[in-house]
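To keep things clear, I will list the structure first and then write my remarks on it.
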There are 2 protein chains.
Amino acid sequence: MSDAPLTDRGSAPADRSASSAAFSPLYQQIKGLLLQSLDRGEWKPGESIPSELELAARFQVSQGTVRKAIDELASENLLLRRQGKGTFVATHHEAKVRFRFLRLAPDDGKQSVSGSRILDCRRVKAPADISTLLELRSGEAVVNMRRLLTFDQTATILDDIWLPGAVFRGLTAESLGRYRGPLYGLFESEYGVSMVRAEEKIKAVSASDDQARLLQVAPGSALLQVERVSYTYGDRPMEVRRGLYVTERFHYRNSLN
Amino acid sequence: MSDAPLTDRGSAPADRSASSAAFSPLYQQIKGLLLQSLDRGEWKPGESIPSELELAARFQVSQGTVRKAIDELASENLLLRRQGKGTFVATHHEAKVRFRFLRLAPDDGKQSVSGSRILDCRRVKAPADISTLLELRSGEAVVNMRRLLTFDQTATILDDIWLPGAVFRGLTAESLGRYRGPLYGLFESEYGVSMVRAEEKIKAVSASDDQARLLQVAPGSALLQVERVSYTYGDRPMEVRRGLYVTERFHYRNSLN
DNA sequence: CAGTGGTCTAGACCACGTG
DNA sequence: ACGTGGTCTAGACCACTGC
């Protein structure tokens, strides 16, 4: 604990009582630095981050302060603590985590086999509503893909997905067709985009003729419409997804606390 | 701080290394004791609980341990910390909290005036599905009420609510009619039931003729169907609520973390 | 000013996972 | 046996609230 250069700290331990005017606790500053490292890709999804003692040394604070910063990141599901092993960066490549964002569950509780069929994937100029949601300049390029998800051979979800074109270069129907696994896992590994949080708006709508045909239900059937905006580190929107769910034998589950 | 009887602690500070076999950290035990006090009504909704130092003395542990127990209860929204003032028992009598359980929001973001009309309220023998969800013996008495919620004079939510009859004695259409405010606030003040958590299952359905008439939409319109089971302390189910939402100008909002 | 919760530290010890 | 995160303590000091 000598006078090592505080490469990761803006201020020395002394001037901590800035009083009034935007007071920010130390552990929040540490949390910010950890977030920067995550965003920068210093530690990749699935990897472990340095131990609490190492981080404490690096940031010149006590272990307890680092711990509190990590606690918050863990409670936001950005990090995962495993006693005896270390702290790991959350990843969408895990069976357990696949249902963190997919809230549709079978009414009878039985697990089912899922399948995905890409309907199309094109690069287009962003429509006004999409560019607003993705915080892009109007007319900027986006990737638009549509896919059909099935459970036990039954068409259940029709997704219409929009991604910023500048980030998702080289994403084509073909590359998607080759890939097996959760889409957010692909985004992580191939494009360095970690989805960290999402907001959903849900409505009930009637199926159009096209939608009814694809989902193999009667035209005019009631469908669940889910509009999702997903965010990566720093609350940067990275995906707009409009899903239509057939809720005949499935339901959207939610917990209120 | 002498050798007061440890009325609230099963074990002395010494035997804390029971090792293996159901090891439970001290702060979890403290959390359990706090939950018991809340359940027992020792501190009522809206009131403050004893200070951390008082509780530490009572339970014969350090302030830090009490703090960690309270931290968890606060993160579950059972308690509310207010710096400089104290820690308070959460209550549904607060404008802020009214939207903790109501997830329906207007598409245009504008606040609207809400109204409630009780359609009927009867005591009946519980149907099989309800008694299962409420963990009652089959045929036990329940209160069944239906109501219509409006926003800006527009019918929007049709609720069908089931409550255990043994707990909600004296709940009638008349007493409900007199009451102004959130239903969960009434449950708190009049029946000592604090709703703490809820699980929802959401589907899209088509409006029946009766439902369509009450909600003033076309028969067959798509509606959001929300089935909620609400729990009080100790995960005891205390309400089943089946709601039908008109999502023409409103949406169900949800955050995924 | 006193009392409350909030932050930060330093150190001891425990539980877990891996050699 | 060692290193990791998890618990618990004791004490100092800070920020907010209300008298």
Side-chain angles (χ1 to χ4, degrees), chain A residues 1 6 9 11-34 43 47-75 78-90, chain B residues 1 6 9 11-34 43 47-75 78-90:
Chain A
M1 273 195 235
L6 297 177
R9 273 283 288 295
S11 58
D15 52 50
R16 231 173 250 161
S17 47
S19 90
S20 71
F23 158 76
S24 172
L26 237 194
Y27 75 88
Q28 286 287 1
Q29 301 174 36
I30 304 298
K31 183 183 172 187
L33 294 172
L34 292 175
W43 313 304
E47 292 179 6
S48 71
I49 71 171
S51 77
E52 296 180 350
L53 281 171
E54 277 182 83
L55 291 169
R58 167 173 349 172
F59 297 131
Q60 299 280 296
V61 300
S62 78
Q63 184 189 8
T65 300
V66 170
R67 166 166 284 274
K68 187 147 188 186
I70 293 179
D71 277 345
E72 291 211 350
L73 293 169
S75 80
L78 302 199
L79 294 178
L80 198 70
R81 321 191 74 143
R82 282 191 249 174
Q83 185 172 112
K85 301 186 71 174
T87 301
F88 299 78
V89 182
Chain B
M1 273 191 241
L6 298 177
R9 271 287 286 295
S11 58
D15 52 51
R16 231 173 249 160
S17 46
S19 89
S20 69
F23 157 77
S24 171
L26 237 193
Y27 75 88
Q28 287 287 0
Q29 301 174 36
I30 304 299
K31 183 183 171 186
L33 294 171
L34 292 175
W43 313 303
E47 292 178 6
S48 69
I49 71 171
S51 76
E52 296 179 350
L53 281 171
E54 276 182 84
L55 291 169
R58 174 189 319 187
F59 297 130
Q60 301 279 294
V61 300
S62 77
Q63 184 188 10
T65 300
V66 170
R67 166 165 284 274
K68 186 148 187 186
I70 293 180
D71 277 346
E72 290 210 351
L73 293 170
S75 80
L78 302 199
L79 294 177
L80 198 70
R81 320 191 74 141
R82 281 191 250 174
Q83 186 172 122
K85 301 186 71 173
T87 301
F88 298 78
V89 182

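Not measured: the values here are computed from a predicted model. Chain naming here is simple, since letters A, B, ... match the order of the sequence lines and numbering starts at 1 in each. Note that these values count all heavy atoms, side chains included, but never hydrogens, waters or copies made by symmetry.
- A:K85 has no side-chain polar atom (N or O) that falls below the 4.0 Å cut-off from OP1 or OP2 of C:dC16.
- Heavy-atom distances to DNA chain C give each of A:P25 and A:G84 a nearest nucleotide, and the one nearer the 5′ end belongs to A:P25.
- The distance from atom CG of B:L55 to atom C1' of D:dC8 is 17 Å, rounded to the nearest whole Å.
- Phosphate proximity of C:dC8 to A:K68: absent, as no side-chain N or O sits under 4.0 Å from OP1 or OP2.
- Taking atom CD of residue A:Q29 and atom P of nucleotide C:dC8, one finds them 8 Å apart after rounding to whole Å.
- Side-chain N/O atoms of A:S62 include none lying less than 4.0 angstrom from OP1 or OP2 on C:dC8.
- Of the possible donor and acceptor atoms, one in the side chain of A:Q29 sits under 3.5 Å from a partner among the backbone N and O of A:S24.
- Side-chain proximity of B:T87 to the nucleotides C:dG5, D:dT4, C:dC8 is greatest for C:dG5.
- The side chain of B:Q83 sits closest to D:dA15 out of D:dA15, D:dT4, C:dC8.
- For the atom pair NZ (A:K31) and NZ (A:K68), the distance works out to 11.0 Å, reported to the nearest 0.5 Å.
- A straight line from CG of A:L26 to C1' of D:dA15 spans 15 Å, rounded to a whole angstrom.
- Distances shown here put a side-chain N or O of A:R67 below 4.0 Å from the OP1 or OP2 atom of D:dG6.
- In this structure, of D:dT9, C:dT7, C:dT4, it is C:dT4 that holds the atom nearest to the side chain of B:E54.
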Requested in this report: Before giving the answer on side-chain contact (heavy atoms from CB on, under 4.5 Å), spell out for B:L55 and B:L34 the whole-Å C-alpha distance, their side-chain angles and the decisive distance to 0.1 Å.
Outcome: CA-CA 9 Å; B:L55 291 169; B:L34 292 175; 4.2 Å; yes

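- Of the listed nucleotides (D:dT7, C:dG5, C:dT7), D:dT7 has the atom at the smallest distance from the side chain of B:Y27.
- Rounded to an integer number of Å, the gap from A:F88 CZ to C:dG17 C1' is 10 Å.
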Query - Residue pair A:L79, A:V89: steps toward the side-chain contact (heavy atoms from CB on, under 4.5 Å) verdict - result: CA-CA 5 Å; A:L79 294 178; A:V89 182; 4.3 Å; yes

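- Between B:Q28 atom CD and D:dG6 atom C1' there is a gap of 12 Å when expressed in whole angstrom units.
- In terms of phosphate contacts, A:R81 brings no side-chain nitrogen or oxygen within less than 4.0 Å of OP1 or OP2 of D:dT4.
- Among the candidates B:L78, B:T65, B:I49, the single residue satisfying the side-chain contact (heavy atoms from CB on, under 4.5 Å) test with B:I70 is B:I49.
- To the nearest 0.5 Å, atoms CG (B:L53) and CZ (B:R67) are separated by 10.0 Å.
- Taking atom CG of A:L53 as the reference point, atom P of D:dC2 lies 16 Å away to the nearest angstrom.
- One can place CG of A:L79 at 12 Å from P of D:dG6, the figure rounded to the nearest angstrom.
- The side chain of A:R82 contributes no N or O atom lying less than 4.0 Å from OP1 or OP2 of C:dG17.
- A:E52 comes within 4.0 angstrom of the backbone, heavy atoms only, and of no base.
- For B:T65, whose side chain is taken as the heavy atoms from C-beta onward, the closest listed nucleotide among C:dG6, C:dC8, D:dT9 is D:dT9.
- If you take CD1 of A:I70 and P of D:dG5, they are 7 Å apart, rounded to a whole angstrom.
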